[in-house]
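Okay, so here's the structure we're looking at.
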Protein chains: 2
Amino acid sequence: MQNKILQTLKERGYRMTKARQGIAGILSEAGAPLAAADILGPLDSRLRGDDIKKLRVNKTTVYRELEMLRAENLILEVDFGDAIKRYELADSKHHHHLICVGCTRVQDVEVDAPLAATERRLERQTSFKIERHALEFFGLCAQCRFPRR
Amino acid sequence: MQNKILQTLKERGYRMTKARQGIAGILSEAGAPLAAADILGPLDSRLRGDDIKKLRVNKTTVYRELEMLRAENLILEVDFGDAIKRYELADSKHHHHLICVGCTRVQDVEVDAPLAATERRLERQTSFKIERHALEFFGLCAQCRFPRR
DNA sequence: CATACTAACGCAACTCAGTTGCAATAGTCA
DNA sequence: TGACTATTGCAACTGAGTTGCGTTAGTATG
């Protein structure tokens, strides 16, 4: 089994369908969080390498598959504040994102020590029990700041 | 002029319409970020205090007004990760939100010193120019953690 | 390999927040 | 008291995501 997501799903009793293999493959190779539309587009071209020509996957299937993978804790929902659900692999180290407002390039960054201390302070001060946080940075990447003429 | 938003708008040449006065009033009195739907609901009852009975404001008007106020930097868009745009007054001190996942109660909190240092570090390390960040904390408030029987 | 069980799929119709085009209305200023 | 036009309301639309339901295709078993 080439892919960690697929392997885990199989262990948990899920069937190995073509749509599932395609979606898991795309998620595993993505360099940034993906939306359903990112998966709907490239899917058939990706699977063309197998002996399957022009596999079409319905958007309902993609949405259901993403929701199932999230419920199985294999992917995490990421929010860039634009009303589109994006997902990334759950097995990586906890991190945040630096998003270029010019070209939408995304870079992973680590922040945690200061946030952990802040959360403990907030819990003392507010009597909330903090479960999670959402933190994204928005700015301009080097290419967008200094475009080559 | 009772209201700071309305006063600023008047200075900038906007007309003082009934819908505008109602929307500005609601935003000014809100204790938490508001969505368009929060404004569409209470509007007519709020304005009933004037000699206007049952003023109806169309949702298009509310969305347009909110977008205008944001473009005029009088309100800020706040993102709770649920695909709904919320807004709060822009004149308050920069802060973040602690959102109860049980009852959706929202509490403002301050965080900034550690984040400012983190942003400087990230700018050095990544060559991004950071313009802004989005940070929200999600958890359970005291009432939802310890409900009275 | 045959077949039966049912997870998974595809389609169409729907929801819901938000947007757009355009004609009607109402602030504001002279 | 107009006239000018910003603002509004309506209806139709968009786009991401969801739901119901009949069909398809993995998988286990014989």
Side-chain angles (χ1 to χ4, degrees), chain A residues 1 3 5-25 33-41 43-44 47 50-52 54-72 74-75 77-87 104, chain B residues 1 5-24 33-41 43-44 47 50-52 54-72 74-75 77-87 104:
Chain A
M1 198 89 337
N3 179 306
I5 289 181
L6 291 175
Q7 187 177 346
T8 307
L9 288 178
K10 188 147 208 177
E11 287 164 12
R12 296 184 190 173
Y14 287 90
R15 292 180 181 175
M16 298 301 299
T17 67
K18 284 161 192 157
R20 181 156 291 153
Q21 292 173 56
I23 293 167
L34 295 186
D38 299 323
I39 295 174
L40 279 164
L43 230 199
D44 55 342
L47 288 181
D50 306 330
D51 58 327
I52 308 126
K54 282 197 156 248
L55 174 63
R56 283 240 140 268
V57 175
N58 188 273
K59 68 171 178 170
T60 308
T61 302
V62 172
Y63 283 111
R64 277 195 286 234
E65 189 72 11
L66 289 172
E67 170 53 25
M68 180 276 282
L69 292 172
R70 194 205 53 72
E72 291 285 352
L74 295 172
I75 58 177
E77 194 177 319
V78 174
D79 171 33
F80 289 175
D82 61 355
I84 295 175
K85 291 184 184 176
R86 286 164 221 274
Y87 300 89
T104 73
Chain B
M1 198 90 336
I5 288 180
L6 292 174
Q7 188 176 344
T8 307
L9 288 178
K10 189 148 208 178
E11 287 164 10
R12 296 184 189 172
Y14 287 89
R15 292 180 181 174
M16 298 300 300
T17 67
K18 284 162 192 154
R20 183 157 289 152
Q21 291 173 56
I23 293 167
L34 296 185
D38 299 323
I39 295 175
L40 277 164
L43 229 200
D44 55 343
L47 289 181
D50 306 329
D51 59 328
I52 308 126
K54 282 201 154 241
L55 174 63
R56 284 241 139 268
V57 177
N58 188 273
K59 68 171 178 168
T60 309
T61 302
V62 172
Y63 283 112
R64 275 195 287 233
E65 190 72 10
L66 290 172
E67 170 53 23
M68 180 276 283
L69 293 171
R70 193 204 54 71
E72 291 286 350
L74 296 172
I75 58 177
E77 193 177 319
V78 175
D79 170 35
F80 289 176
D82 61 355
I84 295 175
K85 291 183 182 177
R86 288 165 221 273
Y87 300 90
T104 73

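A, B, ... follow the sequence lines: proteins, then strands. Residue 1 opens every chain.
- To the nearest angstrom, P of dG18(C) lies 14 Å from CD1 of Ile84(A).
- Within 3.5 Å, no donor on the side chain of Thr60(B) pairs with an acceptor on the base of dA12(D), nor the reverse.
- Checking dG18(C), dC9(C), dG27(C) against every side-chain atom of Thr17(A), the shortest atom distance belongs to dC9(C).
- Close to dA8(C), at under 4.0 Å from its OP1 or OP2, lies a side-chain N or O of Arg20(A).
- The side chain of Tyr63(B) places an N or O atom within less than 4.0 Å of a non-bridging phosphate oxygen (OP1 or OP2) of dG18(C).
- Rounded to whole angstrom, the span from the CD atom of Glu72(B) across to the C1' atom of dA6(D) amounts to 14 Å.
- As rounded to whole Å, 8 Å separates atom C1' of dA25(D) from atom NZ of Lys18(A).
- The 5' end of DNA chain C is approached more closely, in terms of each residue's nearest nucleotide, by Asn58(A) than by the other of Asn58(A) and Glu67(B).
- In terms of position along DNA chain C, the nucleotide closest to Glu65(A) lies nearer the 5' end than the nucleotide closest to the other residue of the pair Glu65(A) and Lys59(A).
- In this structure, CZ of Phe80(A) is placed 16 Å from P of dA16(D), rounded to the nearest angstrom.
- Within 3.5 Å, no donor on the side chain of Arg64(A) pairs with an acceptor on the base of dG17(D), nor the reverse.
- Listed pair Lys10(A) / dG26(D) fails the phosphate criterion, with no side-chain N or O lying under 4.0 Å from OP1 or OP2.
- When the C1' atom of dT18(D) is taken as reference, atom CG of Leu66(A) falls 13 Å away, rounded to whole Å.
- Leu69(B) places a side-chain heavy atom less than 4.5 Å from the side chain of Leu9(B).
- Ion pairing between Glu67(A) and Arg70(A) holds under the 4.0 Å rule for side-chain N and carboxylate O.
- Contact annotation: side chain of Arg15(B) to base of dA6(D), donor-acceptor pair present below 3.5 Å.
- Taking atom CE on Met68(A) and atom P on dA7(C), their separation rounds to 13 Å, with Å as the unit.
- Between Ala19(B) and Thr61(B), the closest heavy-atom pair is CB-CG2, 4.1 Å.
- Distance Met16(A) CE to dA7(C) C1': 14 Å, rounded to the nearest Å.
- Heavy-atom minimum distance, Pro33(B) versus Arg86(B): CB-CB, 3.8 Å.
- Summarising the geometry of Asp79(B) relative to Gly81(A), their closest heavy-atom pair is OD2-CA, 3.1 Å, with the distance given to 0.1 Å.
- When the C1' atom of dT19(C) is taken as reference, atom CZ of Arg70(B) falls 15 Å away, rounded to whole Å.
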